[in-house]
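Reviewing the structure listed below.
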Amino acid sequence: MSASPSTAMNLAQQEAVNYLHGPCLVLAGAGSGKTRVITHKIGRLIQMGMPGQRIAAITFTNKAAAEMRERAKGLIGKAASDVLICTFHALGVRMLRANGAALGLKPQFSILDTDDVTSILKDAGGTTDAATARAWQWTISAWKSAGLNGAEALAVASNDSERIAAAVMGRYEERLTAYQSVDFDDLISLPLKLLREHPEVRATWQARMGHVLVDEYQDTNATQYEMLKLLVGCEPDGSRARHLDGDARFTAVGDDDQSIYGWRGATLDNLKKLPLDFPSLKVVTLEQNYRSTSAILRAANNVIGPNPKLYPKNLWSDLGEGEPVRVVDADNEEHEAERVVARIQSLRVEGTLAQAGAQFKELRDFAVLYRANHQAKPFEKALRKANIPYKVSGGQSFFDRAEIRDLCAWFRLWANNDDDPAFLRAVTTPKRGIGHQTLGSLGVFASRYKLSLFEALFSSSLGSVLPARALGSLHEFGRFVNDLQFRARHTEGAENARVFLTDWLKDIGYEKHLFDGEESEKIAAAKWGNVMEFCDWIAQRCGGQVVDAAGVSDIREIKNLLEVSQTIALLSTISEREQDQNVVTLSTLHASKGLEWPHVMLVGVTEGMLPFKMSDGADALGGTSRADESANEDMAERLQEERRLMYVGITRAQRSLAVSWTKRRKKGRELVSASPSRFIAEMGLDQATTKEDPREKLRALRAEFAARAEAATLAKP
């Protein structure tokens, strides 16, 4: 590394980077350069002699990991490729592939997606109702995030509904074991079990982890925190591992003001526990914001002010005062959408927003943020009417498309023959003359002898329950899968993978399957295009080429197709599809976290929406009975998280921020009166400068330009 890692950093950032010999908590306010601190700290550790293989940086999304990997590579060079930069779940997969045999898992276990889990829960609970299965799924996920298994969940279940869910959980666990499969929660809970119950595995991973850096620490749940403690040198009883010298070496980077995932298990208790579990913890606070103007930060600080503080901080910026934060009121959602479009158009007109910078006029510089997905619809309509291109962030994942899920089922079956959900999808998509009756008989036979469906179809006694023709069709499918598995294991490199995948799709007639199944040829062609794009992406990975979210190619180890197929379930999006789209972004507040735009419009900021449905109990805070106290405490915590969500929305803005609310909003089919969110008042804005009507502004600008054009025409000789 040619430059000192502390070059061009402020004093607090330098302090965080240079503290290497013990546990460190970096409280990184919004826009305060946390990724810079993490990448520079990786560089500093390598500079001081720690091998890259002994450094792990853990993030929460594949996109964040890709960005961190690229920035580390730009700073450190080739040595960065040795550093393990991945998500918690990807680390869990790595641990289970290496050591899962201790838990009875084969290295080629399958990772189930949400639909597979729902299907298995329906079977385990004896229901055909998807809503019931999804409710069980949420409950079971919460129990797993808290570190409970089915038996432990049954012991703590407090009512009949929870007892039923716990019983279903027990049967669900049995099925996962039989299928040699795990769900996403297992990618944390099972590695934790490995570390707790197998001292030799724990010692191996502790020796490997010279320093662990955790990004977005405030988003960790209880099991992730326990996993972190065991990785950095703690024993299950809380003592320090004897085979390791010195104090725990980790850096947790987070912000308690941006903790907005309580509904999925994230807990601020993990921040409270750090100084108790690690008394030598060093705390460094980053308060200088490099993203937003002072006007925006003042509103953010004012909003978050009423929340109780674990560690007080106050964001500040040297980017100047900037444009005042605007508040826009509207009659209803359609009127609000019209005003948002007018604001986008007015800000893009030459000569406006001088302080915001003339360079921020591309469509990609604008974002519309809202509390819930359903709020996007009127803004989509208004943008289409104005011929302004847009994208809805957090929409359907590429991997959620039926055609991609079909192919992934085949890949999963190659990698793990015991994956029954994958078997059932592959054997019926496209149809191969194997009917439901045959599959039903196969399923009964497999259950009786405790075999997977794939194992059962080769059983010598299966012929006693199936006719010869059906048996022959199953054997043909089984031999085909075995052949594909063998060839996939021996197919390396991009070109070989492309040839394999093309031939395979022809063999199963997948293109014909798509066109036969769609009335619209255009839709079928689009689906086939997705399939081709997916296969090309798989081939690139076989060739060792990975294109990250920034569009930068990174050549790594060439792999065979079977190895690549095992990683697919961890990837939530094909990042190449998101490159360089010059469009307006529509996004929920939750999906916007970690992102930023020059111009942000925070919409639908009414009571009942943001904060979300607080009116039922918000005014009752201060009740006297024990039940009231418990309810009020829960309501207070919900309000604090909603306030943090508002804070996250405000701090996405770099140069200008408009906050809008509607006097009436839809509730079902009716329009009901609405009032501005309490958070608007809490922003503490100067009332003389906050009201704005973008349509009037746009009309005035158009009139001004028309007058200039007319004057120029009259001035011509």
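By convention here, the first residue in the shown sequence is residue 1.
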Which atom pair, heavy atoms only, marks the closest approach of [X] to [Y]?
X: Met227; Y: Ile188; result: SD-CG2, 4.1 Å
X: Ala65; Y: Cys86; result: CB-CA, 4.2 Å
X: Ala653; Y: Ser292; result: O-OG, 2.5 Å
X: His599; Y: Arg655; result: CE1-CB, 4.4 Å
X: Met68; Y: Ile38; result: SD-CG2, 3.7 Å
X: Lys34; Y: Ala28; result: CB-CB, 3.6 Å

For [X] and [Y], which I'm curious about, is there any donor-acceptor pair between the side chains at under 3.5 Å?
X: Asn530; Y: Glu403; result: yes
X: Ser656; Y: Glu323; result: no
X: Thr127; Y: Asp129; result: no
X: Tyr390; Y: Glu380; result: yes
X: Tyr290; Y: Arg36; result: no
X: Thr139; Y: Glu162; result: no
X: Gln218; Y: Glu216; result: yes
X: Asn270; Y: Thr220; result: yes
X: Asn289; Y: Ser32; result: no

Is it the case that over 12 heavy atoms from other parts of the model lie below 6.0 angstrom from the NZ atom of Lys385?
no
Are more than 12 heavy atoms from other residues, nucleotides or ligands located less than 6.0 Å from atom NZ of Lys381?
no
Test log, rule side-chain hydrogen bond (donor to acceptor under 3.5 Å, both in side chains), inputs Asp185 and Ser141
CA-CA 6 Å; Asp185 294 311; Ser141 178; 2.9 Å; yes
Residues Glu362, Asn582; criterion side-chain hydrogen bond (donor to acceptor under 3.5 Å, both in side chains); working and verdict
CA-CA 7 Å; Glu362 297 292 327; Asn582 189 20; 2.8 Å; yes
Should [X] and [Y] count as side-chain neighbours, where that means a heavy-atom distance under 4.5 Å?
X: Thr87; Y: Ile58; answer: no
X: Val168; Y: Leu121; answer: yes
X: Ser587; Y: Val368; answer: no
X: Phe366; Y: Val583; answer: no

Under-4.0 Å salt bridge between [X] and [Y]:
X: Arg371; Y: Glu642; answer: yes
X: Lys144; Y: Asp183; answer: yes
X: Asp365; Y: Arg348; answer: no
X: Arg665; Y: Glu333; answer: no
X: Glu596; Y: Arg291; answer: yes
X: Arg71; Y: Glu67; answer: yes
X: Glu336; Y: Lys663; answer: no
X: Arg298; Y: Glu321; answer: yes
X: Asp113; Y: Arg405; answer: yes

Tyr217 vs Asp255, test: side-chain hydrogen bond (donor to acceptor under 3.5 Å, both in side chains). Steps then yes/no.
CA-CA 8 Å; Tyr217 177 75; Asp255 180 7; over 6 Å; no
Keeping [X] on the side-chain end and [Y] on the backbone end, is there a donor-acceptor pair under 3.5 Å?
X: Arg326; Y: Leu657; answer: no
X: Asp215; Y: Thr59; answer: no
X: Thr606; Y: Thr662; answer: no
X: Asn302; Y: Glu682; answer: no
X: Glu607; Y: Ala674; answer: no
X: Arg664; Y: Leu671; answer: no
X: Arg638; Y: Phe612; answer: yes

Single hit among Asn301, Leu315, Ile650 for side-chain contact (heavy atoms from CB on, under 4.5 Å) with Ile296
Ile650
Going through the checks in order, is the side-chain contact (heavy atoms from CB on, under 4.5 Å) test met by Phe60 and Phe88?
CA-CA 7 Å; Phe60 273 81; Phe88 264 108; 4.0 Å; yes
Check whether Phe679 forms a cation-pi arrangement with Arg643 (NZ or CZ under 6.0 Å from the six-membered ring centre, at most 45° off the ring normal).
no
Just say parallel, tilted or perpendicular for the rings of Tyr261 and His590, cut-offs at 30° and 60°.
tilted
In sequence, state the C-alpha distance, the side-chain angles, and the governing distance for Arg339 and Met601, and then conclude on side-chain contact (heavy atoms from CB on, under 4.5 Å).
CA-CA 10 Å; Arg339 289 196 153 191; Met601 283 139 285; over 6 Å; no
Apply side-chain contact (heavy atoms from CB on, under 4.5 Å) to Leu25 and Val284, showing your working.
CA-CA 6 Å; Leu25 172 62; Val284 179; over 6 Å; no
Checking Leu685 against Val659 for the side-chain contact (heavy atoms from CB on, under 4.5 Å) test, could you report, in this order, the C-alpha distance in whole Å, the side-chain angles of both residues, the deciding distance, and whether it holds?
CA-CA 11 Å; Leu685 305 173; Val659 178; over 6 Å; no
Give the intermediate values and the outcome of salt bridge (Lys or Arg N to Asp or Glu O under 4.0 Å) for residues Glu334 and Lys666.
CA-CA 10 Å; Glu334 286 72 23; Lys666 282 183 182 172; 3.5 Å; yes
